[in-house]
Amino acid sequence: MSEFVKIVEVGPRDGLQNEKTPLTLQQRKALILDLMKTGLKSIEAGSCVSAKWVPQMADSDALFAQLPKDPDIQFSLLTPNLKGFEAARAAGCQEVAVFTAASESFTRKNINCSIDESFEKFADVLAAAKAGGIKVRGYVSCMADCPYEGAIAPAQVAKVSKRLLDMGCYEVSLGETIGTATPDRVKKVWEACLAEIDSSVLAGHFHNTYGMAIANVYQSLLQGIRVFDSSIAGLGGCPYAKGASGNVSTEDLYYLLSGMGFATGINLDALMHASQNISQVLNRANPSNYANAYWQTRCA
Ligand code: HMG
Ligand code: MG
């Protein structure tokens with residue numbers, strides 16, 4: 001049997017959080033309903049953050065509450081603090097994600113506190129989550145470069161990741177936030193992390209600003225990583241990382257993983273349908289090479 005690689009679809013969150021014109025709640029919901037038909041098992045549905053900071057993610061809890069429940073799909077919401085966690089829990093969310101960075105400057109710009117202070121807030125979230133039987137994922141941004149500080153030491157990435165795991169996160173996703181890293185650098189980050197952390201609790205989250213995301217996924221696979229975040233139609237960016245482009249597209253990730261013999265559970269027709277719909281809603285060309293080749297060969 002083929003080895004399974006878990007894909008965490010972050011399109012409805014990372015993908016839409018930076019749109020100039022925020023999508024309506026109904027448009028965001030339509031995207032998630034499309035994604036629910038694709039066989040994807042993990043979908044990040046939005047963020048319970050301040051609507052003053054990220055208006056694109058406003059009312060993610062209300063959106064979440066409207067979603068049909070499916071025992072095969074694990075939804076999650078980003079929650080930077082207890083206030084966000086409580087909104088997610090009230091909406092019925094069973095998994096949340098806390099997020100910090102390996103860079104002090106990025107943490108300050110993104111969530112308005114130091115790394116240590118972010119952990120103080122997460123301690124409250126993790127305690128409440130434990131009491132409520134809710135899973136918590138962790139994110140560490142700037143796994144290679146920070147838009148404000150430049151290169152980040154791999155040892156620092158490993159330290160922050162381990163701290164999240166020790167605190168009770170079940171998995172930590174390393175964000176290559178600005179998409180500048182080449183595979184040789186990603187390799188060094190995984191080496192530092194894998195010296196103290198088991199590969200089964202690590203995930204890769206690669207942005208594609210310089211076209212390196214799929215190469216970085218490949219590098220990570222070679223080092224034993226089996227969980228990747230991606231966005232349908234390569235949507236995405238971070239409001240606090242100017243110029244950073246979208247995540248690796250779920251379509252390209254699907255193609256790489258299938259070609260290498262990994263199982264993903266994805267239904268290709270449904271994936272392409274979701275990808276075409278959101279590209280039409282945003283009125284934007286899809287940057288995924290696979291999606292473009294798929295439609296070209298179909299229309300030929
Ligand atoms: P703050 O201003 O320091 O918060 O913001 P505060 O505790 O001082 O409260 C100020 C106001 O915010 C208060 O309201 C709070 O109630 C409210 P007021 O009394 O002024 O009316 N507030 C909240 N409202 C809604 N939900 C909440 C919440 N908390 C406080 N959870 C805060 C701190 C974290 C809230 C803010 O900085 C924020 O919302 N930041 C947004 C961060 C964000 O969403 N960034 C993008 C996601 S991370 C990312 O993209 C990277 C990733 O993809 C990986 C990678 O690529 O590297 C994950
Ligand atoms: Mg991201």
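Just follow the structure's listing: the first ligand is 1, and inside any ligand the first atom is 1. Being a predicted model, the structure only gives us computed values, none of them experimental.
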Considering only heavy atoms, does Ser47 approach ligand 1 within less than 4.0 Å through its side chain, its backbone, both, or neither? neither
As an exercise, identify every atom of ligand 1 less than 4.0 angstrom from a heavy atom of Lys83. 16 (O), 22 (N), 23 (C), 24 (N), 25 (C), 28 (C), 29 (N), 30 (C)
Between Glu176 and ligand 1, does any nitrogen or oxygen pair lie at a separation below 3.5 Å? no
Does Tyr139, backbone or side chain, put an N or O under 3.5 Å from an N or O of ligand 1? no
Select one of side chain, backbone, both or neither to describe which atoms of Gln17 lie under 4.0 Å from any atom of ligand 1, heavy atoms only. side chain
Using only heavy-atom distances, determine whether the side chains of His273 and Asn277 contain a donor-acceptor pair under 3.5 Å. yes
Strictly below 4.0 Å, N to O, side chains only: are Glu196 and Lys162 in salt-bridge contact? no
Quick one: salt bridge (charged side-chain N to carboxylate O under 4.0 Å, His left out) partners of Glu191, sequence neighbours excluded? Lys187
Taking the Mg ion (ligand 2) as the vertex, what is the angle from NE2 of His207 to NE2 of His205, given to 10 degrees? 90°
Aromatic contact, His205 with Tyr139 (centres under 6.0 Å): yes
Which of the ligand 1 atoms, numbered from 1, are nearer than 4.0 Å to a heavy atom of His207: 56 (O)
Partner set under salt bridge (charged side-chain N to carboxylate O under 4.0 Å, His left out) for Asp145, not counting sequence neighbours: Arg185
For Val54, the ligand 1 atoms whose distance to one of its heavy atoms is below 4.0 Å: 41 (C), 43 (C), 44 (O)
Taking distance alone, with N or O pairs closer than 3.5 Å, would you say Cys142 contacts ligand 1? no
Quick check on Lys52: does its NZ atom have over 12 non-hydrogen neighbours (other residues, nucleotides or ligands) under 6.0 Å away? no
Just let me know how Lys52 lines up against ligand 1, side chain, backbone, both or neither, with a heavy-atom cut-off below 4.0 Å. side chain
Closest candidate by heavy atom, reference atom 30 (C) of ligand 1, pool Asn18, Asn81, Thr177: Asn81
Tell me which part of Cys48 gets within contact of ligand 1: side chain, backbone, both or neither, using heavy atoms under 4.0 Å. backbone
Which N, O or S atom name in Asp14 marks its closest approach to the Mg ion (ligand 2)? OD2
Provide the number and element of each atom of ligand 1 under 4.0 Å from a heavy atom of Gly84. 31 (N)
Which segment of Val10 sits under 4.0 Å of ligand 1 when only heavy atoms are counted: neither
Tell me if the OH atom of Tyr210 is crowded by more than 12 foreign heavy atoms within 6.0 Å. no
Measure up the Phe75 and Phe64 rings against each other and bin them: parallel (under 30°), tilted (30 to 60°), perpendicular (over 60°). perpendicular
Evaluate Arg13 for polar contact with ligand 1, using N/O atom pairs at a separation under 3.5 Å. yes
In terms of side-chain geometry, is the basic nitrogen of Arg137 or Asp229 positioned less than 4.0 Å from the acidic oxygen of its partner? yes
Is Tyr170 atom OH crowded by more than 12 heavy atoms from other residues, nucleotides or ligands, each under 6.0 Å away? yes
Per-atom contacts, ligand 1 versus Asp14 - under 4.0 Å to a heavy atom: 53 (O)
